[in-house]
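Structure provided below as structure tokens; questions to follow.
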Amino acid sequence: AASPFLRDNKLKIKCYKCMWVVTKSSTRDAPPGLRAAEDPLRVPHGGERGTVQKERLSAFCGEQHSHHFSVCVQQFQVVATENVNPVALESNIDCALATEKLDGTCCYVTTYKGEPYLWARLDRKPTKQADKRFKKYQYSQKTCKGFTWNVEEDFRAVPESWIPAHRVQHENGHPVPDEHGHIPGWVPVENTNKQYCWHSSVVNYEDGLALVLRPHPEDEGLLEIASVPLSELMEQTLELIGTNVNGNPYGLGSKKHPLHVLVPHGILRVRNAPPVEYQQLYSWFQECHEGRVEGIVWHCNDGTLIKVHRHHLGLKWPDGETFLNSRPVVVHVDRKRCDPPGLADSHKDLFRILSSFDREHFNTIRDIQFES
């Protein structure tokens, strides 16, 4: 999504669309545990809430500041200026639907082997030699325009089941890398792939179900964890959050008993969103109870997605308790469907564990803890 604000381009890198126009931080050789500023052209997320994969623009234009770490790695942080991105104004952002931006990993539901399947984000990236050539060209030309890729030779192999994300351009039958040298895409989450074991924990392909966190249909202030047919999530993008995702900013589960859920994009509405004005947004993030979120994504009527991240305003994340953790939650996971008799490994199945809490209410999602 774009940022609503603009930035000066101190590093002479092209200013891409964003609400404050924000570019991606340098992530090359980033040390473990360091998170780069988010890519404003992140592919998942759609014009309609949770459906079409589309770039999100940043609300403001911003500046990039370099930071040096003791591990001798340079990383760039994007900081917004107070100038609103013209794209945000043209899309009438003041009339857009504001939703909570969640801190997890993006997923997608579409068909695989003839059935609804969960897919994990996997960008196809260049080889070390190709990436070095690309970076050298960017440095010398001050732009990535005009750089020629050989997609068949310059990019690392991906599984045969990999598909490019929607809106990825194609030339001569091959997907074209974006301005960062990546080809966004997806791979199906199969139970046999340990790399995606936390993704696998939230889907039950045998029964065609997914574990979803969403507002209760009769009370928007109440959240519910529900087992939802995958067929109802077709062509939607969702965020996987939980114990082993991005440092678990929401405090779900524990190392011994992890808990993960899927949250459809655009489903958590910001009920009292601030105006798209730098100081008012800054104050909202700092002072309002509802502002204890990673960011906001505005869904404009023309399909444009606009985002702002706390980091764009120079604010920490996570920073204490999150708004998500202040909301009560009820569990709706059917015991009959998820707890058939005679299965010795039922204690390992998240669906069966949650089914033991069916219809129970909790003060916060963090209060859902599993006993040994």
Side-chain angles (χ1 to χ4, degrees), residues 1-25 37-65 76-102 143 145 166-167 169 178-180 237 265-288 290-291 293-315 317:
S3 167
F5 303 97
L6 299 172
R7 81 167 169 280
D8 290 334
N9 218 337
K10 291 185 176 180
L11 296 177
K12 307 298 183 183
I13 299 175
K14 178 182 176 182
C15 182
Y16 300 112
K17 292 184 294 181
C18 45
M19 179 165 109
W20 296 303
V21 176
V22 173
T23 59
K24 182 180 180 182
S25 296
E38 183 160 344
D39 184 351
L41 299 181
R42 189 179 177 187
V43 169
H45 296 278
E48 297 180 14
R49 286 185 291 162
T51 55
V52 185
Q53 302 158 50
K54 184 178 181 181
E55 66 185 25
R56 292 180 298 166
L57 305 175
S58 181
F60 301 88
C61 292
E63 298 175 342
Q64 287 189 340
H65 300 279
F76 301 104
Q77 179 181 0
V78 174
V79 178
T81 69
E82 298 190 15
N83 300 315
V84 178
N85 186 339
V87 175
L89 297 175
E90 292 169 4
S91 298
N92 200 13
I93 190 173
D94 291 327
C95 296
L97 175 69
T99 66
E100 178 177 348
K101 182 186 182 306
L102 289 163
T143 180
K145 284 188 175 181
H166 295 337
R167 297 183 181 271
Q169 296 182 356
D178 61 20
E179 55 278 350
H180 308 299
T237 56
H265 285 146
I267 204 168
L268 299 180
R269 184 170 64 92
V270 177
R271 286 171 288 184
N272 298 297
V276 183
E277 192 275 327
Y278 187 99
Q279 291 300 331
Q280 293 196 58
L281 277 166
Y282 186 94
S283 298
W284 182 81
F285 278 120
Q286 285 282 74
E287 301 168 8
C288 292
E290 198 175 7
V293 297
E294 188 195 26
I296 301 176
V297 177
W298 287 268
H299 298 251
C300 301
N301 291 332
D302 66 358
T304 301
L305 296 178
I306 307 292
K307 78 169 182 184
V308 65
H309 190 296
R310 294 177 70 96
H311 289 160
H312 297 159
L313 306 179
L315 299 174
W317 173 262

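Both backbone and side-chain heavy atoms feed into the values below; hydrogens, waters and symmetry mates do not.
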Less than 4.5 Å apart, any side-chain heavy atom of H312 and any of K307?
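H312 vs K307: side chains touch.
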For I93, does its backbone N or O pair with a side-chain atom of S91 as donor and acceptor, under 3.5 Å?
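Flag not set: sc S91 to bb I93 has no pair under 3.5 Å.
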Which residues pass the side-chain hydrogen bond (donor to acceptor under 3.5 Å, both in side chains) test with E290, not counting sequence neighbours?
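Here no residue qualifies.
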For the CD atom on Q279, are there more than 12 heavy atoms of other groups (residues, nucleotides or ligands in this structure) within a distance under 6.0 Å?
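Yes, CD of Q279 has more than 12 neighbouring heavy atoms, counting only those of other groups under 6.0 Å.
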Are Y278 and V84 packed together at the side-chain level, in the sense that at least one heavy-atom pair is separated by less than 4.5 angstrom?
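Side chain of Y278 against side chain of V84, heavy atoms only: no contact under 4.5 Å found.
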Can you tell which of H265, H309, K101 makes a side chain to side chain contact (heavy atoms under 4.5 Å, CB included) with V297?
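The option that passes is K101.
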Side-chain heavy-atom pair T304, W298 within 4.5 angstrom cut-off:
no
Note, N92 side chain near C300 side chain (heavy atom, < 4.5 Å):
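They are not in contact (no side-chain heavy atoms under 4.5 Å apart), so the answer is no.
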Heavy-atom distance under 4.5 Å between the side chains of H299 and L305, does that happen here?
yes
Restricting to non-hydrogen atoms, name the atom on E294 and the atom on L102 that form the minimum distance, rounded to 0.1 Å.
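Where E294 meets L102 most closely, the heavy atoms are OE1-O, 3.1 Å.
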What pair of heavy atoms forms the shortest contact from F285 to G291, and how long is it?
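Between these two residues, the closest heavy atoms are CD2-O, 3.3 Å.
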Do I267 and T99 have side chains that get closer than 4.5 Å, going by heavy atoms?
no
So do I296 and L281 actually touch side chain to side chain, heavy atoms under 4.5 Å?
yes
